[in-house]
Every structure is written in C-alpha cells, then in structure tokens.
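Inspection log for the structure reproduced underneath, given as structure tokens.
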Amino acid sequence: MSKYEVVSTNRVAGGGTYQRIKHESTSTKTPMIFGLFLPSTHATKQVTETTPALFWLSGLTCDDTNFAMKAGPAAFAAAEEQCIALVLPDTSPRGEGVPNEDSYDMGIGAGFYVDATEEPYAANYKMYTYVTEELPKLVEESFEVGTVKSISGHSMGGHGAMTIAFKNPTAWASVSAFSPICNPTQVPWGEKAFKAYLGSVDAGKAHDATELLKGLQSSCFDDILIDQGKDDNFLANQLKPENLTAVGGPQKVTVNMRSGYDHSYYFVSAYIKDHVAFHGARLNKAQGKLRASRSSYDFSSTTGKPIKCKAMVARGPKQPLTEEEITVDAPKAGEVRVKVIANALCHTDIYTLDGYDPEGLFPCILGHEAGCVVESVGPGVLSVQPGDHVIPCYTPQCSQTSCIFCMSPKTNLCPEIRSTQGQGVMPDGTVRLHDKDGKDIFHFMGCSTMSEYTVLAEISCAKISKEMALSKACLFGCGVSTGLGAVWNTCKVEADSTVAVFGLGAVGLAVIQGAKMAGASKIIAVDLNPDKFEMAKKLGATDCVNSSPDKIDKPIQKVIAGDMTPWGVDYSFDCTGNVKVMRAALECAHRGWGESCVIGVAASGHEIATRPFQLVTGRVWKGTAFGGFKSRRDVPQLVERHLKGELPIDHFITHSFEGVNKTNDAIHALHSGDCLRAVVRY
Ligand code: NAD
Ligand code: AHE
Ligand code: ZN
C-alpha cells in the first residue's frame with residue numbers, strides 16, 4: 001500500500017468531500033498531488049465494493065485545482081447525484097530537478113500523458129504509467145475507489161483520455177473529452193511534444209486518438225462524447241476534431257460543436273454536468289455487471305441441514321434486542337431459506353418492538369426490509385434457485401388464478417399466508433427459528449431478517465437483478481416502495497396535482513419523490529422536525545411547514561386548507577402513524593374531491609376519527625399496504641428502474657453498520673431524528 005498524505009479536505013456544497021492528496025510516485029519518481037472527490041454515499045457503500053470513479057485529465061499548464069475551483073461546483077454536484085468519485089491527477093511531474101522547458105506546451109504542466117523515452121524527460125515524465133497503472137492502484141487500495149473507472153479530460157487531457165481509453169478499452173467503462181487535441185501528430189503541440197518525449201512524431205502515432213481510431217476493428221464503447229467550442233482559438237490549428245470524425249469506422253463518436261464557447265473552463269463548467277451524467281450511467285452499469293459477476297455463493301455444505309447463525313432476538317417489548325446463536329431449519333415445501341446480506345430498519349420494526357403491534361409476539365426475530373441471497377429451496381419451489389438475489393416481501397403474491405386478490409388489479413393484498421404470518425409461523429403453522437435451547441422463536445411479517453439466515457415462503461420472494469447492491473436494494477422491501485406506491489398506485493396522483501405529506505421519514509420522503517416524478521405542482525411537506533426539510537426540498541417539496549404547536553397558530557389542516565391553498569390539497573398522505581395527524585391529513589384534503597391516504601401504522605387501540613361531514617363534502621379516506629405494489633411482479637421493476645438511473649434512492653441511506661450485532665445501534669440511530677434508513681450489512 002503506497003504511502004500518501006492528505007494535504008487538504010473540504011466538504012462540498014451539495015454533499016461529498018474534496019481532498020488533495022500528495023504521494024511519492026514510483027512512476028515519475030517525484031512527489032505528485034492529485035485531487036479526489038468522494039460522494040456522500042462513499043461512506044455507506046458496501047465494504048466489499050469500491051466507489052466507481054471518473055478520472056479527469058487536465059490540460060496544458062493546469063493541475064487539479066483548475067478543475068476543482070472552476071468546474072468543481074457543477075461537477076461535484078453531478079458526481080454526488082451519480083454516486084461516483086472524481087480523480088484528478090496532475091498534468092506532469094513537478095519540483096526540484098524535474099526537466100522543464102520555458103514554454104507552456106512542453107515540460108512541467110504539459111506531460112501529454114505519455115511515457116517519455118528521450119532524455120532529459122525519460123526519468124520523470126511517465127504520465128501514461130502514472131494515469132493508467134499507479135494512480136488507479138493507489139486510489140483503489142487506499143481509498144476504495146475506482147475498480148470500475150471512466151476517463152475524460154480537457155484539451156491535452158482530452159487527448160490523454162481518448163488515447164488511454166483506445167489503448168485499454170476494457171480498463172475503462174466510458175470516455176469523453178472537452179476540446180481535445182484529436183490528431184496530435186498533425187499539429188504543432190503534438191509534434192513538439194512527441195519529438196521531445198518520444199524522439200519522433202511518428203512514435204506519437206501510438207498516442208494519437210485519430211490514428212488509434214483508424215486501427216479499431218470493432219466498437220469499444222457505446223458512444224464517445226466530445227464537446228468543442230466553436231470560438232476556440234486552437235480549433236483550427238491544434239484540435240482538429242474533424243480529423244477524428246472523418247475516420248468513421250465502427251466506433252460511434254458524438255461531437256457537439258458549441259457556439260459562444262472558447263477553450264476555457266467557462267466551457268467545461270457549462271457542460272461538465274452532462275459528461276458526469278454520461279459517465280455516471282455507464283459506470284453504475286459496469287459496477288452492476290461486476291457486482292453480478294462477483295455474486296457467487298457456495299451453499300453446498302448447508303443445503304438440507306439446519307444452519308447455526310447469529311441473530312438479534314426480541315425477547316420482550318421495549319427491551320434491547322439480544323444477540324444470540326440460533327438454528328434455522330431447512331426450508332420445507334414451498335419455502336426458501338436465504339442468507340441475509342443487508343437489513344434496513346423500518347419504523348414498523350420499532351413499533352412492534354415497543355409493544356404497540358396487536359399482532360406482536362415474543363420472542364421473535366424482527367426485520368422486513370432486506371436484501372438476500374437464496375441458500376436453498378424446499379420441495380416444489382421453481383421460481384427461485386440457490387444464488388438468486390431476492391427481496392423478502394411481507395405482502396406476498398401467490399399469483400394463483402384462484403386468488404381473487406392476486407387476480408384483481410385493485411389490490412396487492414394477497415391473503416394466501418396472511419393468517420399464519422400474523423401468528424408468527426410458517427404456512428404449515430410451525431417455525432423454522434429456534435434459540436440455542438431449541439425453543440421456538442416467532443417469525444415476523446413473514447420475513448424475520450434481523451438474522452444472518454431466515455426462511456421465507458416462496459410467494460414472499462421477489463427475485464431481482466444481481467446488478468443492484470443488496471445493501472441498497474433492501475430499501476425496496478418496504479419504506480421507499482410504500483411511499484412511491486402510495487402516490488403511483490393507491491392514489492394515482494396526476495400531473496399538476498397539489499399534495500400534502502405529513503411525516504418526513506423515509507416513507508414520507510418517498511411520497512414526495514413519487515409525487516415529484518408524477519408531476520405534482522405543489523408539494524407541502526409537514527414535520528415537527530425542521531431538519532427533515534432540506535432533503536424534502538431536494539426531493540421536490542415546494543413548501544415546508546413545521547407543525548409544532550409553538551410554530552403554527554392554528555390547526556395544521558387550516559394552515560394548509562385556507563392559508564396555503566383555497567380549498568385544500570388534491571392528495572394528502574399520513575406517514576407518521578399518529579391518528580391525530582391522520583385526521584389533519586384528511587381535513588386538509590380538497591373539498592369535493594380530495595383524497596387522503598393513511599400509510600402510517602397506528603398503535604393498537606388507536607383509532608381515527610373525523611366528522612362525517614368531511615366525507616359528505618367529498619373527501620375520500622383510504623390506506624395502503626406496501627404502496628399497493630404487487631410484490632413479486634413490481635419490486636424487480638423498481639430495481640430495474642433504479643439500475644437505469646430513473647429512480648435514485650441512495651439519499652435514503654443515512655446510516656450503515658457492519659454485522660447483525662449492530663442492529664441495536666441502528667435502532668438507536670432511527671430514534672436520533674436525523675436517520676432515514678440505517679442499513680445493517682451482515
Ligand atoms: P420515521 O420514524 O422514519 O418517520 C416518521 C416522521 O414523522 C419523522 O420525521 C417524525 O418527525 C414525523 N412525525 C412524527 N409525529 C409527527 C407529527 N405529529 N406531526 C408531523 N410529523 C410527525 O418512520 P418511517 O419509517 O418513515 O415510517 C412512517 C410510518 O409509516 C410509520 O408509522 C411506519 O410504521 C409506517 N409504514 C407503513 C407502511 C405500509 O405499508 N402502510 C410501510 C412502511 C412504513
Ligand atoms: N400488525 C399490525 C398491522 C401493521 C401494518 O399495518 N402493517 C403494514 C405494513 S407496515 C410495514 O412497515 C401492512 O402491510 N399491513 C397490511 C397487513 O396485512 O398487515 C396490526 O394492526 O395488526
Ligand atoms: Zn416497513
């Protein structure tokens with residue numbers, strides 16, 4: 001592991017951090033400084049993975065600070081959104097004893113991303129090796145960044161990005177460039193550099209994008225994105241993108257000629273968001289493929305046998321969970337035993353642990369928002385097999401033609417195993433979970449994922465793509481899906497609707513995200529905790545109201561229906577579980593047609609009330625379980641939408657922990673008020 005020193009660290013507006021890092025380079029034999037942007041998701045990523053990275057190669061005279069200060073704000077915000085890192089190497093070796101020329105286009109600041117063979121440059125000017133080998137190794141090993149990487153750059157860096165990508169197409173997921181030197185062997189900058197560094201212009205052909213493109217037999221990338229300013233002084237005699245496009249051939253190259261832009265960072269900062277998004281989509285796809293290829297488990301030693309493993313057992317209401325070694329039986333007919341890879345805490349787990357759930361049974365193993373791998377299947381199970389990635393679903397889907405619920409488009413409430421599920425047992429009335437003394441432990445919501453292994457009914461398993469990290473996909477097991485589905489399925493919120501959301505936990509924020517995606521024009525976010533408002537606005541809230549009694553001078557429903565809207569909102573959602581809030585949500589719904597949806601789960605014995613007049617005057621009160629999603633059909637589609645970049649959810653993961661025995665810490669985090677979802681990875 002190479003040594004390095006963090007020279008500076010700055011938090012970045014919009015999330016993430018930017019560091020400057022110094023290290024002794026084995027390639028250039030000099031100290032080198034590079035920049036590293038890490039998105040906020042880096043802290044909660046799966047430990048077995050690295051954060052995908054875009055390498056940015058700067059142009060002549062620049063170092064990492066030019067990009068960071070001029071294009072950084074736009075680039076960092078885009079990288080934060082794409083959950084990717086940015087790596088910004090310097091443009092050459094620098095410092096005492098490094099050969100240099102008294103001109104901006106040779107020597108220091110002008111390394112041209114080649115390995116010089118000629119004196120006096122051969123000793124230090126090894127920028128090709130530095131960028132293609134040394135730096136990727138350093139950031140991967142020391143910063144868990146860039147197993148999957150892409151490359152881009154400006155001017156000389158554009159030349160470097162394209163040549164490096166053409167020479168190692170399998171090492172880079174995508175390539176793009178700003179104002180690149182496309183045919184350096186044909187222009188003064190390239191001729192001068194190649195003669196000095198490589199001894200001849202001809203030797204430069206191996207580092208000339210146009211020449212390399214001519215040699216490509218097949219397409220290496222789905223597309224290459226190039227942006228070029230039409231008012232760029234260097235366009236005619238140094239950059240020559242027309243030479244590159246003239247090659248034609250199998251490789252698609254998109255060159256955008258932009259009016260009103262020159263060779264400066266004004267140009268880069270204007271379009272850097274597009275390039276980061278371009279790479280983000282391809283990096284996340286490549287990361288998904290890598291993840292899927294690495295997801296291999298050998299369960300041959302456990303199949304058919306009981307498994308001993310660690311679990312967090314709820315021994316009684318309001319007691320901390322106890323870490324215990326339990327035995328998980330082999331799956332019976334129609335059952336699936338899974339290895340739980342990650343489990344997220346939902347408020348309903350707390351609600352049951354606190355003794356508010358009329359169906360609560362102890363001892364039990366809670367947990368119902370998880371990502372799992374199938375370990376073995378019982379007799380007759382055909383829909384999943386060992387190694388498959390599944391999301392446990394507390395609202396199962398039997399899909400039998402005899403099931404009027406599964407056959408109806410109106411509901412997702414398949415009752416096939418609901419009664420046994422509510423009694424904490426498997427469909428045959430027995431349990432698969434036992435403590436060290438062999439005593440039965442109740443299942444919970446047909447899931448019980450606060451255990452390293454658990455057993456599910458086959459109809460409760462939604463099989464998903466292996467390309468999505470299970471430590472993220474787990475969120476589709478409950479809160480996030482419920483919020484999105486309440487908007488899209490239960491209420492079918494139309495474009496231009498007005499919406500009010502009460503409670504801005506993961507569920508409420510998912511309602512806001514869903515309403516925004518549905519085109520709602522006004523989204524009122526209500527919570528007692530104003531710390532939740534920043535994320536609510538980021539996801540689409542247009543108004544935020546702190547409904548604490550000392551913050552408003554009238555009932556919240558009158559603030560919303562009266563002050564903020566003339567007749568109330570088209571749709572309102574309770575995501576608190578508080579029956580008074582459920583009433584307020586109904587009573588701020590629009591006279592004549594407003595619909596109010598109960599998502600929150602109320603404590604046993606708590607009932608809702610309102611004056612019938614509220615309904616007589618056209619308001620509708622409804623509720624939703626799991627957002628109305630038919631679990632085994634719809635959860636895989638939510639995962640696909642996320643993989644396509646259409647449904648970002650990383651922002652819900654505010655806390656992450658390693659090891660099932662950290663579940664009590666996660667529960668503590670959920671109580672802290674600044675937690676949306678705490679993911680515990682096993
Ligand atoms: P959470 O605890 O993370 O969020 C609840 C939010 O409500 C918090 O921000 C809290 O400050 C706010 N809040 C509490 N009391 C309030 C009040 N009186 N006025 C305004 N805001 C208030 O919970 P979560 O995980 O987002 O779940 C929300 C609710 O949805 C819970 O009741 C949970 O059990 C339920 N839930 C239901 C389903 C379903 O299928 N119906 C699925 C998941 C969760
Ligand atoms: N056990 C409680 C019911 C709790 C409840 O309403 N659960 C929701 C899911 S909450 C997920 O975090 C649900 O899906 N309900 C439908 C169902 O069939 O349970 C009680 O009141 O008995
Ligand atoms: Zn839940």
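Both ligands and their constituent atoms are indexed starting at 1 by order of listing.
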If we set the cut-off at 4.0 Å for heavy atoms, which region of Tyr351 has an atom near ligand 2: side chain, backbone, both, or neither? side chain
Side chains of Arg432 and Thr430: is there a donor and an acceptor less than 3.5 Å apart? yes
Near the Zn ion (ligand 3), which protein N/O/S atoms are found at less than 2.8 Å? Cys346 SG, His368 NE2, Cys478 SG
For Lys318, is the NZ atom crowded, meaning more than 12 foreign heavy atoms sit under 6.0 Å from it? yes
Would you mind running through ligand 2 and noting each atom that sits below 4.0 Å from a heavy atom of Cys346? 12 (O)
Looking only at protein heavy atoms, identify the closest one to atom 25 (O) of ligand 1 and say how far it is in Å. Arg677 NH1, 3.1 Å
One residue to check: Glu369. Relative to ligand 2, which of side chain, backbone, both or neither has a non-hydrogen atom less than 4.0 Å away? neither
Should the heavy atoms of other residues, nucleotides or ligands under 6.0 Å from CD of Glu467 be counted, would the total exceed 12? yes
Atom indices of ligand 1, in the order listed, that fall short of 4.0 Å to a heavy atom of Tyr394: 40 (O), 42 (C)
Under 4.0 Å to a heavy atom of Cys478 - the qualifying atoms of ligand 2, by number: 11 (C), 12 (O)
Classify the angle between the aromatic ring planes of His642 and Phe476 as parallel (below 30°), tilted (30 to 60°) or perpendicular (above 60°). perpendicular
Within ligand 1, which atoms have a heavy atom of Ala625 less than 4.0 Å away? 40 (O)
Go through Cys491 and Phe573 one step at a time and tell me if the side chain to side chain contact (heavy atoms under 4.5 Å, CB included) criterion holds. CA-CA 10 Å; Cys491 292; Phe573 298 86; 3.7 Å; yes
Ligand 2 to Ala625, heavy atom cutoff 4.0 Å, flagged ligand atoms 13 (C), 14 (O), 16 (C)
Partners of Trp593 by side-chain hydrogen bond (donor to acceptor under 3.5 Å, both in side chains), sequence neighbours excluded? Asp570
Given Gly505, Ala584, Ala525, Pro549, identify the one with the heavy atom nearest to atom 4 (O) of ligand 1. Gly505
Counting neighbours of NE2 on His668 that are heavy atoms of other residues, nucleotides or ligands and sit closer than 6.0 Å, is the number greater than 12? no
Heavy atom under 4.0 Å from ligand 1: found in Phe573's side chain, backbone, both, or neither? neither
If you have a sec, work out which protein heavy atom is nearest atom 5 (C) of ligand 1 and how many Å separate them, to one decimal? Cys575 O, 3.7 Å
Among protein heavy atoms, which sits nearest to atom 37 (C) of ligand 1, and what does the distance come to when rounded to 0.1 Å? Ile599 O, 3.0 Å
Would you say the side chain of Trp488 lies within less than 4.5 Å of the side chain of Phe629, judging by non-hydrogen atoms? yes
For atom CH2 of Trp567, decide whether the heavy atoms of other residues, nucleotides or ligands shown that lie under 6.0 angstrom number more than 12. no
To which protein heavy atom is atom 19 (N) of ligand 1 closest, and what is the distance rounded to 0.1 Å? Leu528 CG, 3.6 Å
Donor + acceptor pair across side chains of Thr395, Ser631 (<3.5 Å): no
Using a 4.0 Å cut-off to any heavy atom of Glu359, which atoms of ligand 2 qualify? 1 (N), 2 (C), 20 (C), 22 (O)
Closer than 4.0 Å to some heavy atom of Thr482 - which atoms of ligand 1 meet that? 38 (C), 39 (C), 40 (O), 42 (C)
Looking only at protein heavy atoms, identify the closest one to atom 23 (O) of ligand 1 and say how far it is in Å. His347 CB, 3.3 Å
If you have a sec, work out which protein heavy atom is nearest atom 18 (N) of ligand 1 and how many Å separate them, to one decimal? Val581 CG2, 3.3 Å
Hey, does His368 sit under 4.0 Å from ligand 2 if you only count heavy atoms? yes
Can you check whether Cys478 has an N/O within less than 3.5 Å of an N/O in ligand 1? no
Considering the heavy atoms of Met445, write down every atom of ligand 2 situated less than 4.0 Å from one of them. 11 (C)
Test of understanding: given a 4.0 Å heavy-atom threshold, classify the contact between Leu676 and ligand 1 as side chain, backbone, both, or neither. neither
Is it true that, when you exclude Glu607 itself, more than 12 heavy atoms of the residues, nucleotides or ligands shown sit nearer than 6.0 Å to its CD? no
Val526 N/O to ligand 1 N/O under 3.5 Å: no
Residue-level breakdown please: for Thr576 versus ligand 1, do any non-hydrogen atoms fall below 4.0 Å on the side chain, on the backbone, on both, or on neither? both
Looking at ligand 1, is there an atom of it that comes within less than 4.0 Å of some heavy atom belonging to Phe629? no
What protein heavy atom lies closest to atom 40 (O) of ligand 1? Include the residue and the distance to one decimal. Phe626 N, 2.8 Å
Nearest-0.5 Å distance, CG of residue Asp440 to NE2 of residue His434: 5.5 Å
With a 6.0 Å cut-off (strictly less than), is the heavy-atom count around CD of Glu534, excluding the residue itself, greater than 12? no
Inter-residue atom distance His443.NE2 - Met445.CE, 0.5 Å rounding: 14.5 Å
Just checking, any donor-acceptor pair under 3.5 angstrom between side chains of Ser40 and Glu80? yes
So for His347, does at least one of its heavy atoms come nearer than 4.0 angstrom to any atom of ligand 2? no
Row check, Tyr682 ring normal vs Lys662 NZ/CZ: under 6.0 Å, within 45°: no
Test side chain to side chain contact (heavy atoms under 4.5 Å, CB included) on Met450 and Leu345; report intermediate values, then the result. CA-CA 9 Å; Met450 290 183 187; Leu345 269 292; 3.6 Å; yes
Asn529 versus ligand 1: do any nitrogen or oxygen atoms come within less than 3.5 Å of each other? no
Salt bridge present between Glu375 and Arg337 (N-O < 4.0 angstrom): yes
Atoms of ligand 2 close to Arg418 [distance to a heavy atom under 4.0 angstrom, numbered from 1]: 17 (C), 18 (O), 19 (O)
What part of Tyr394, side chain, backbone, both or neither, has a heavy atom within less than 4.0 angstrom of ligand 2? side chain
Nearest-contact summary for atom 33 (C) of ligand 1 - protein heavy atom, Å: Thr348 OG1, 3.5 Å
Under the side chain to side chain contact (heavy atoms under 4.5 Å, CB included) criterion, do Val313 and Asp435 qualify, and how do the steps go? CA-CA 9 Å; Val313 180; Asp435 69 13; over 6 Å; no
Mode of Lys532 contact toward ligand 1 - side chain, backbone, both, neither (heavy atoms, under 4.0 Å): side chain
For Thr395 and ligand 2, does the shortest N/O to N/O distance drop below 3.5 Å? no
With atoms numbered from 1 as shown, which atoms in ligand 1 lie under 4.0 angstrom from a non-hydrogen atom of Gly600? 29 (C), 30 (O), 32 (O), 35 (C)
Just checking, any donor-acceptor pair under 3.5 angstrom between side chains of Thr348 and His368? no
Val377 and Glu458: CA distance, side-chain angles, deciding distance, side chain to side chain contact (heavy atoms under 4.5 Å, CB included) verdict: CA-CA 8 Å; Val377 298; Glu458 177 184 11; over 6 Å; no
Note, Phe444 side chain near Asp349 side chain (heavy atom, < 4.5 Å): yes
Kindly identify the option in Asn412, Val507, Asp357, Val601 whose heavy atom sits closest to atom 6 (O) of ligand 2. Val601
